[in-house]
Amino acid sequence: MTNHFLCLTDWTAAELDAIFALTKELKDKQKQGIAHPLLARKTLGMIFEKSSTRTRISFEVGMYQLGGHALFLSSSNTQLGRGEPIKDTARVMSRYVDGIMIRTFSQEGIEELARYADVPVINALTDSYHPCQVMADLFTVLEHKGSYKDQVYCWIGDGNNMAHSWINAAAVLGFELRVATPKGYEPDTSVIERAEQLGAKITYTNDPLQAAWGADVLNTDVWASMGQEQEQLQREKDFVGFQINAEVIDAADGDCLVLHCLPAHRGEEITDDVIEGRHSVVFDEAENRLHVQKAIMATLMNKE
C-alpha cells in the first residue's frame with residue numbers, strides 16, 4: 001500500500017476493497033451514534049487552491065467525527081500563494097500535521113508535495129484526477145446494487161479528471177466501462193494507454209446512446225470545469241447531445257443508477273427530471289464522500 005492517495009492506479013483492488021469495507025463500518029457507526037475516534041489528537045492540513053463545497057465540508061466534518069482536527073488553508077492566506085516552493089511547504093507542514101489534503105490544479109504539483117512530505121497526502125482533486133469522488137461513486141453503487149462488480153458503467157461528457165479516474169478505477173477493479181465524449185474532448189492518451197496495459201475493459205465512443213445502451217450506471221459532469229469558464233459557450237455547442245436525459249435513461253438498464261459529482265448545471269449535462277427522478281442517487285453519492293474519505297484518512301493516518 002502506498003503512503004499517499006494520489007491516483008487510483010497506485011492502489012490494488014484488494015486495498016480499495018478494504019477501504020470500502022472500512023467505509024461501511026464507519027458509516028454504520030456514525031448512523032448508530034457509535035464513537036469512532038480513529039484519528040484522535042491528529043490533525044489534517046487542508047490546502048485549497050480551487051474552491052469547494054462538498055470537499056471542504058466532508059473532510060472537515062470527517063476529521064471531527066474521527067476525533068481529529070482539520071485546518072483550512074487557501075493559497076491566498078498561505079505562502080504558497082506568494083511563491084513558496086511546494087517542497088518547502090511539504091517539509092514544513094509535515095512537522096505540524098499528521099496528513100495533508102490538497103485540492104489544486106497540477107497533478108505534478110501534488111506528486112511533488114507527496115515526494116517531499118513525511119505525512120500522507122490525499123488528492124482531493126487535480127485537473128488530472130478526482131479519486132476520492134470516484135471511490136464515493138463506487139461505494140454508492142455497492143450500497144444500491146449489492147456490489148460494484150458485474151455492472152456496466154457509462155460515462156457521458158468531457159474526458160476530464162472524472163473520466164480519467166473512472167478509467168483508472170476500471171483498470172484496477174476490472175469492471176466494464178464505456179466512455180462517450182464529443183470529438184476533440186477524449187480522455188488523455190496516457191491515461192488510456194496505462195489502462196490498456198492493465199487490461200481494462202473500456203470502450204471509447206462519440207455516441208452517448210451507444211455507450212448508454214443497457215448500462216447499469218450512468219455518470220456525467222459539467223461541460224466546463226473550473227478553469228474552463230472561458231470555454232463555456234464553445235462547449236455548449238460541442239456537447240449538444242451529451243446529456244443524461246429521458247432518452248438516455250430509456251436506453252440504459254431499467255434499474256440503472258444515475259450519478260453526478262455535483263454541482264450540476266441542470267439543463268446542460270443532465271436534465272432536472274433525471275436528477276430528481278427515481279434513478280438518481282446523486283445525494284447519497286454526495287453524502288458518501290464523507291464516509292469514504294474518513295476511511296481513506298483512517299487507512300493512511302492510523303497505521304499503528
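As the structure is a prediction and not an experimental result, all values here were calculated from the model.
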A.B. asks: Report yes or no: does His279 contribute a side-chain atom to a donor-acceptor pair with the main-chain N or O of Val258 at less than 3.5 Å?
C.D. replies: no
A.B. asks: Would you say that Phe48 contacts Arg56 through its side chain, given a criterion of any heavy-atom pair below 4.5 Å between the two side chains?
C.D. replies: yes
A.B. asks: Closer than 4.0 angstrom, basic N to acidic O: yes or no for Lys50 and Asp127?
C.D. replies: yes
A.B. asks: Any chance the rings of Tyr148 and Phe20 have centres within less than 6.0 Å?
C.D. replies: yes
A.B. asks: Indicate the atoms forming the closest heavy-atom contact of Asn206 with Pro182, along with that distance.
C.D. replies: ND2-C, 3.7 Å
A.B. asks: Less than 4.5 Å apart, any side-chain heavy atom of Cys7 and any of Asn168?
C.D. replies: yes
A.B. asks: Flag the pair Phe59 / Cys132 as yes when at least one side-chain heavy-atom distance between them is below 4.5 Å, and no otherwise.
C.D. replies: yes
A.B. asks: Can you see which heavy atom on Val274 is nearest to which on Ala246, and at what distance?
C.D. replies: CG2-N, 4.1 Å
A.B. asks: For Trp223 and Asp238, what are the C-alpha separation, side-chain angles and deciding distance, and is it a side chain to side chain contact (heavy atoms under 4.5 Å, CB included)?
C.D. replies: CA-CA 9 Å; Trp223 290 342; Asp238 295 342; over 6 Å; no
A.B. asks: Indicate if Val179 and Ile270 have the same hydrophobic cluster label, given that clusters are the connected sets of ILVMFWY residues with side-chain heavy-atom separations under 4.5 angstrom.
C.D. replies: no
A.B. asks: If hydrophobic clusters are built by linking Ile, Leu, Val, Met, Phe, Trp and Tyr wherever their side-chain heavy atoms come under 4.5 Å apart, do Leu209 and Trp213 end up in the same one?
C.D. replies: no
A.B. asks: I want to check something: taking the side chain as every heavy atom from C-beta on, are Leu218 and Cys154 in contact at a cut-off of under 4.5 Å?
C.D. replies: yes
A.B. asks: Could you state whether Val152 and Leu138 fall into the same hydrophobic cluster, counting links through intermediate Ile, Leu, Val, Met, Phe, Trp or Tyr residues with side-chain heavy atoms under 4.5 angstrom apart?
C.D. replies: no
A.B. asks: Should we say atom CD of Glu247 is surrounded by more than 12 heavy atoms from elsewhere, each under 6.0 Å from it?
C.D. replies: no
A.B. asks: Less than 4.5 Å apart, any side-chain heavy atom of Arg194 and any of Ile167?
C.D. replies: no
A.B. asks: Would the distance check show the side chain of Asn161 and the main-chain N or O of Thr126 forming a donor-acceptor pair, the cut-off being under 3.5 Å?
C.D. replies: yes
A.B. asks: Is there a side-chain contact between Glu285 and Gln133 (heavy atoms, below 4.5 Å)?
C.D. replies: yes
A.B. asks: Report yes if some heavy atom in the side chain of Asp221 is under 4.5 Å from a heavy atom in the side chain of Trp155; otherwise report no.
C.D. replies: yes
A.B. asks: Could you check whether atom CZ of Phe72 has more than 12 heavy atoms from other residues, nucleotides or ligands sitting under 6.0 Å from it?
C.D. replies: yes
A.B. asks: Give a yes or no on whether a salt bridge exists between Arg115 and Glu111, defined as a side-chain N under 4.0 angstrom from a carboxylate O.
C.D. replies: no
A.B. asks: Name the residue from His260, Met162, Arg289, His130 that meets the side-chain contact (heavy atoms from CB on, under 4.5 Å) definition with Asp137.
C.D. replies: Met162
A.B. asks: Is the shortest side-chain heavy-atom distance between Met135 and Leu8 below 4.5 Å?
C.D. replies: yes
A.B. asks: Above 12 or not: heavy atoms from other molecules or residues under 6.0 Å from CG of Asp150?
C.D. replies: no
